Amino acid sequence: MPPSPSSTGAGAASPSPCASASASASDPTPSWWESVSQARSRIQALSSILPPAASHDVAALADSDRPARALLRSPAAYAALSDALRAGGGADDPACHWLYDTLLSADPDLRLAALAFLPLLAALYLRRLPPELPSSLSGFEAVLLAVYSSEAKNRQGKPVLVQVPDLSVPSLYHTPAYSPSSKSPRRPQPPPIPPPQATPVVGVLSPPLEPQAAVKSTKRAGIIGVAFEAYYSKISQMPAASKVDACNAVAAWAGQYCKCRFELDDKELEEEEGESLGSVSPMSSEADNGKELEEELARMRMNGDSSGRRNCHEEYDKEARVPLPWELLQPVMRVLGHCLLAPLNPVEVRDAAADAVRVVYARACHDLVPQAILASRSLIELDKSARKAAKAAEAAASGAIVAAGTAGSTASSSRPSSKPNTPSKQRKPDTLLVSK
């Protein structure tokens, strides 16, 4: 059962649910002053449940011009509330109560500040299953249900669809050739007969959402997947620490830390080494083939048996490893794709996503999940190409800098040096005045 907002310790500082519901019904977008005052009250409520060492820094955020945005971008507030969530999760947890009340706010920036903690909360929730007591994880479940209910309300019972383009139909970027390629320039061709209109291919990204009153074991993956879809829709505004937590959570859920996760990188290294070695003599080809066969068999024994089957089942994290159905894996793979390829992400986010997608690839190869293998392998190849392009650009930039410095030094050395005793211009002869 979701915790009641009036039962939180900060209930006096926040408006009542009825008042907020009536205000949001009359005016869904609050005014600037209402947003600021509501954000300040939520920040004060958060500072009251944090330890004294962190409460002062968090309370200072209420004095900014945009307190909700300052709360979202504050590393101190994120770290303090993350520590509180790691120590809580029950029905009486004040941190979960604060997140639940903030998710019900009408201010979009406040909802973003609460949604940023979803990856950490989901990771803690799945790691502690099954619970020791029935109510020990009800705080986490209430927050997940609040995100799920908000997403179900926004979709209005409709599925999320994607339309796959048909290449036989002309578009803005291409014109398909309907007539045969062998045309005679002397004989006019009849006008081409357009093909019949193709029916669009529509794929279902997410089915219609049913209302859920509790997190059941059969619906748990779907509820968390919908919550990550809501997180992905706002991921461009999330702080870097939240994205790192999302990547670490996915890696822990996959839990396959065997050497299989590096096999695509090893293949690229082997290809580069083969290109660098060049051609070999025919006399040594048989010996090289035998050596390659021995190395391949050794790799099979390391990652599996001689028939190619993998036996890395002991090299995984047993505590955090969870089942990964496609309804949960699909949205988290989109989150990993953003963290891996978005150009404005810092280096720590891209590195965490690169590690996570390789762990997911190893897990998908062991579980033989075609969709997960295709998605994770594609992300790994895109990551390798992006890093290769970045290295090439960096090498080109450094080469340009060195060339510019060399050209400058050459130009300075080619200038004629003027000595102090050698005049640059021809002096006029001295005229001596002689008295008569």
Side-chain angles (χ1 to χ4, degrees), residues 72-73 75 78-79 81-83 85-86 112 114-127 140 144 147 221 224-258 260-262 264-265 315-317 319-367 369 371-387 390:
L72 175 65
R73 297 176 179 176
Y78 187 87
L81 189 53
S82 298
D83 294 338
L85 287 174
R86 291 186 180 96
L112 283 178
L115 194 62
F117 295 91
L118 174 69
L120 177 63
L121 186 143
L124 295 173
Y125 172 67
L126 291 181
R127 192 180 184 91
F140 289 159
L144 293 173
V147 180
I224 298 177
V226 171
F228 267 93
E229 290 177 3
Y231 178 84
Y232 176 75
S233 64
K234 305 293 183 181
I235 193 171
S236 60
Q237 307 177 50
M238 293 298 167
S242 176
K243 297 178 183 179
V244 171
D245 284 341
C247 297
N248 294 337
V250 178
W253 293 342
Q256 197 71 39
Y257 293 97
C258 60
C260 301
R261 67 186 192 273
F262 299 122
L264 296 180
D265 302 306
E315 300 183 30
Y316 57 78
D317 189 357
E319 295 183 1
R321 183 185 172 103
V322 298
L324 292 177
W326 186 242
E327 56 187 349
L328 173 60
L329 192 57
Q330 181 185 13
V332 300
M333 290 302 294
R334 281 188 278 169
V335 171
L336 288 183
H338 170 87
C339 296
L340 191 65
L341 303 174
L344 298 181
N345 284 333
V347 179
E348 60 269 17
V349 175
R350 294 198 296 268
D351 291 344
D355 294 338
V357 74
R358 282 162 173 81
V359 178
V360 173
Y361 172 75
R363 170 72 179 273
C365 290
H366 281 266
D367 294 351
V369 183
Q371 304 99 319
I373 294 175
L374 179 61
S376 57
R377 183 173 184 136
S378 301
L379 289 179
I380 292 174
E381 296 296 338
L382 290 173
D383 175 52
K384 291 193 300 183
S385 61
R387 292 178 185 271

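Throughout, numbering of the chain's residues begins at 1 and tracks the sequence. Computed from a prediction, not measured in an experiment: that's the story for all the values here.
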Pair K243-E348, side-chain contact (heavy atoms from CB on, under 4.5 Å): steps then yes or no: CA-CA 9 Å; K243 297 178 183 179; E348 60 269 17; over 6 Å; no

Criterion side-chain contact (heavy atoms from CB on, under 4.5 Å) on D383 and R350, from CA distance to verdict: CA-CA 9 Å; D383 175 52; R350 294 198 296 268; 6.0 Å; no

Stepwise side-chain contact (heavy atoms from CB on, under 4.5 Å) test for V147 and L144: CA-CA 5 Å; V147 180; L144 293 173; 6.0 Å; no

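Smallest separation of non-hydrogen atoms from R387 and A354: NH2-CB, 3.6 Å. S233 approaches A230 most closely through the heavy-atom pair OG-O, 2.6 Å. Taking every heavy atom of both residues into account, H366 and C258 meet most closely at NE2-SG, 3.4 Å. Between P331 and F228 the shortest heavy-atom distance is CB-CB, 4.1 Å. Closest approach of Y231 to L115, counting heavy atoms only: CD1-O, 3.5 Å. When all heavy atoms are compared, the tightest approach of A221 to P325 is CB-CG, 3.5 Å.
One finds the CG atom of L120 at 10.0 Å from the CG atom of N248 (value rounded to the nearest 0.5 Å). The distance from the CG atom of L112 to the CG atom of L72 is 6.0 Å, given to the nearest 0.5 Å. The structure places NZ of K234 at 14.0 Å from CG of L118, a figure rounded to the nearest 0.5 Å. Between I224 atom CD1 and L126 atom CG the span is 4.0 Å, to the nearest 0.5 Å.
For the pairing with Q256, the side-chain hydrogen bond (donor to acceptor under 3.5 Å, both in side chains) check across R261, R358, R363, R321 returns one residue only, R321. For the side chain to side chain contact (heavy atoms under 4.5 Å, CB included) with V244, the qualifying choice from V349, D351, N345 is V349, the only one to do so.
L340 is not listed as a side-chain neighbour of L382, based on a closest heavy-atom distance of 4.5 Å or more. Between C339 and I235 there is a side-chain heavy-atom pair separated by less than 4.5 Å. The side-chain heavy atoms of V360 and L329, taken from C-beta on, include a pair separated by under 4.5 Å. Residues V250 and L336 have side chains in contact (heavy-atom distance under 4.5 Å, counting atoms from C-beta outward).
Checked by atom type and distance alone, the side chain of R377 never pairs as donor or acceptor with a backbone atom of L264 at under 3.5 Å. The backbone N or O of F117 lies less than 3.5 Å from no partner atom in the side chain of D245, so there is not a single donor-acceptor pair.
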